Amino acid sequence: MNEQELSAPSDFIRNIINQDLGENKNNKKVATRFPPEPNGYLHIGHAKSICLNFGIARDYGGTCNLRFDDTNPVREETEYVESIKEDVRWLGFDWKDRLYFTSDYFERLFQYAEQLILKGKAYVCSLTAEEIRDYRGTLTEPGRKSPYRNRSVAENLDLFRRMRAGEFEDGAHVLRAKIDMASSNFNLRDPTLYRIRRAHHHRTGDAWCIYPMYDYAHCLSDSIEGITHSICTLEFENNRPLYDWILDALETPCHPRQIEFARLNLTYTVLSKRKLMTLVTDKFVDGWDDPRMPTLSGLRRRGVTAAAIRNFCEKIGVAKRDSVVDIALLDYCLREDLNRTAPRVMGVLRPVKVVITNYPEGRVEELDAVNNPENPEAGSRKIPFSREIFIESEDFMEDPPRKFFRLSPGREVRLRYAYFLKCTEVVKDEKSGDIIELRCVYDPETRGGDAPDGRKVKATLHWVSASHAVSATVRLYSHLFTEENPGAAKDGKAFTDSINHGSMEVLTGCRLEPGLAGAVPGNIFQFERLGYFCVDSKESAPGALVFNRTVTLRDEWSRIQKKS
RNA sequence: UGGGGGAUCGUCUAACGGCAGGACGACGGGUUCUGGCCCCGUUAAUCCAGGUUCGAAUCCUGGUCCCUCAGCCA
């Protein structure tokens with residue numbers, strides 16, 4: 001087995017495609033499509049579908065179209081079209097010149113509908129919506145035939161054309177396929193194909209007052225575009241017989257094969273449009289691109305990279321079984337990417353002042369710091385060191401437990417890229433007992449971080465020079481929900497009951513190394529020993545930096561603490 | 001209680017009648033100027049019961065559990 005075969009994804013969809021290719025189907029071509037409805041923002045579940053469809057096209061030398069499934073004008077908007085295009089592009093996929101809209105096919109779809117009528121396979125039904133529901137039957141009882149089911153072809157054609165012409169009120173008639181009211185599959189109980197809806201369409205304006213339904217439009221759009229494999233999620237499995245029925249009933253360019261896979265679920269979050277909408281409209285978050293949202297815009301704003309998401313989508317695989325992926329896998333993919341690419345800097349989130357009593361007042365040294373140990377080409381930079389510095393408050397403990405290696409009275413540690421430091425005195429607020437400052441001594445012989453006498457130190461601390469540091473606001477994000485599967489909330493409980501009210505902690509007065517003053521929105525850094533942080537794209541400004549914590553570093557110390 | 005799907009380590013996923021493998025997690029160790037990265041190791045699974053077969057996660061029979069469908073949404 002060569003390397004490519006080792007890394008090539010294997011899943012049941014690719015198995016099917018391989019089989020089709022082996023049987024010389026579709027002229028050995030593979031054509032897929034990603035068909036979002038422009039009625040919301042893309043989230044990481046869509047990313048799974050995008051990676052699958054575009055990934056298959058890439059792997060088989062085929063094509064993947066971006067098609068907006070815009071058949072319902074009351075829900076769809078241009079704003080969503082633009083955000084979806086931006087997100088797909090950002091994820092790293094290119095539809096080239098194959099940007100399509102179902103609305104581009106409205107005229108052809110109408111003609112196909114006339115064909116269906118001519119063949120006696122569709123009729124205009126004048127039952128009300130409520131009556132249609134009533135006639136449909138139940139899970140165990142067959143439906144009843146509409147009294148309009150046997151209208152003549154001529155009458156149906158006339159009525160359907162007049163529906164288009166706007167002669168009827170909304171809801172007065174619908175076009176229905178004439179299939180089987182007794183079918184055990186509801187989708188085949190004379191499904192609605194067209195409805196009258198006087199609504200302004202974001203692309204066709206007021207040109208139409210009748211709009212095709214998903215089941216009717218989707219299969220025909222796939223066929224018009226020459227799609228070979230129409231990949232969708234599991235809930236459309238019941239619709240497949242209808243998909244096939246329509247294409248069999250008409251003379252169409254081709255008959256794509258619909259394949260269903262299980263949608264993505266992720267722990268500690270929700271991924272349904274309705275629930276995400278609730279989070280936004282009920283202000284549990286600050287918009288669709290809130291860094292806690294699983295939307296692509298939210299993840300991007302948080303600092304999650306496209307490469308990490310692509311890698312994640314490859315790792316989770318594709319299958320038909322319902323599943324919930326551990327969000328820790330996304331974190332893993334993120335760290336894997338950011339470890340390679342993110343420049344290292346030092347930043348102190350909760351500062352404690354340290355005065356180095358044996359360091360000359362007024363003196364400033366420029367020390368060399370490596371930008372990225374994983375990438376020698378990233379080079380190094382100078383950072384200022386002086387008598388007064390800040391260290392992380394959690395890096396000092398007056399009375400340390402057994403496995404705490406960091407600074408404590410009398411103990412020596414290393415300041416990264418600087419000197420060994422030993423704590424000699426703890427200065428406290430008389431009233432509160434809070435630590436105000438630490439007085440320490442440094443060893444001038446250890447400049448750069450190594451002791452000539454070979455003595456070792458158990459910890460290395462990050463720090464910033466007090467007078468040189470830039471201030472910043474840093475937001476610490478954690479899971480939006482306290483429940484692993486908030487979407488499964490039962491017995492009258494709302495999924496929002498398990499919202500994590502501490503999912504965002506805002507820290508002000510954080511102190512960062514001076515080079516960060518020039519950081520611009522979207523920049524991602526590793527704050528050494530802490531995690532990866534991204535300059536917020538909306539609220540950060542020069543002189544008033546705002547960082548979002550993308551993900552923490554793996555943290556062995558916190559695990560040790562949890563155990564005890 | 002009709003139809004359509006699905007059940008493999010804690011989680012995700014391979015296997016296409018022939019050694020149940022990988023990844024994440026967890027745990028242990030090595031290394032280290034990031035308690036990071038990296039390296040090594042341990043843990044741990046075929047829903048149940050029968051049957052076919054030299055051999056079954058895979059095929060057959062029967063059961064159990066889960067998801068899904070009664071929009072003029074997609």
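Per chain, numbering begins at 1; letters A, B, ... match sequence-line order. None of these values were measured; they are calculated from a predicted model.
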> Looking at RNA chain B, which of residues 370-381 of chain A put a heavy atom within less than 4.0 Å of it?
Replying inline: Pro373(A), Glu374(A)
> Of all residues at least two apart in sequence or in a different chain, which pass the ring-ring contact (aromatic ring centres under 6.0 Å, His included) check with Phe396(A)?
Replying inline: none
>> If the condition is salt bridge (Lys or Arg N to Asp or Glu O under 4.0 Å), which residues does Asp70(A) pass it with, not counting sequence neighbours?
In response: none
> In chain order, what residues pass the salt bridge (Lys or Arg N to Asp or Glu O under 4.0 Å) check against Lys178(A), with sequence neighbours excluded?
Replying inline: none
>> Once side-chain hydrogen bond (donor to acceptor under 3.5 Å, both in side chains) is applied, do any residues pair with Asn156(A), and if so which ones, sequence neighbours excluded?
In response: none
> With sequence neighbours left out, what residues match Phe168(A) under ring-ring contact (aromatic ring centres under 6.0 Å, His included)?
Replying inline: His173(A)
> Which parts of residues 127-145 of chain A get close to RNA chain B, meaning a heavy atom less than 4.0 angstrom away?
Replying inline: Leu127(A), Thr128(A), Ala129(A), Ile132(A), Arg133(A), Arg136(A), Gly137(A), Thr138(A), Leu139(A), Thr140(A)
> Who are the side-chain hydrogen bond (donor to acceptor under 3.5 Å, both in side chains) partners of Tyr123(A), not counting sequence neighbours?
Replying inline: Asp190(A)
> Which of residues 174-189 of chain A sit near RNA chain B, with a heavy atom under 4.0 Å from it?
Replying inline: Val174(A), Ser184(A), Phe186(A)
> Which residues satisfy the salt bridge (Lys or Arg N to Asp or Glu O under 4.0 Å) test with Lys382(A), sequence neighbours excluded?
Replying inline: Asp368(A)
>> Give me each pair satisfying side-chain hydrogen bond (donor to acceptor under 3.5 Å, both in side chains) with a member in residues 130-142 of chain A, each pair once, sequence neighbours excluded.
In response: Thr128(A)-Glu131(A)
> How would you list, by chain and number, every residue that makes a salt bridge (Lys or Arg N to Asp or Glu O under 4.0 Å) with Arg416(A), sequence neighbours excluded?
Replying inline: Glu528(A)
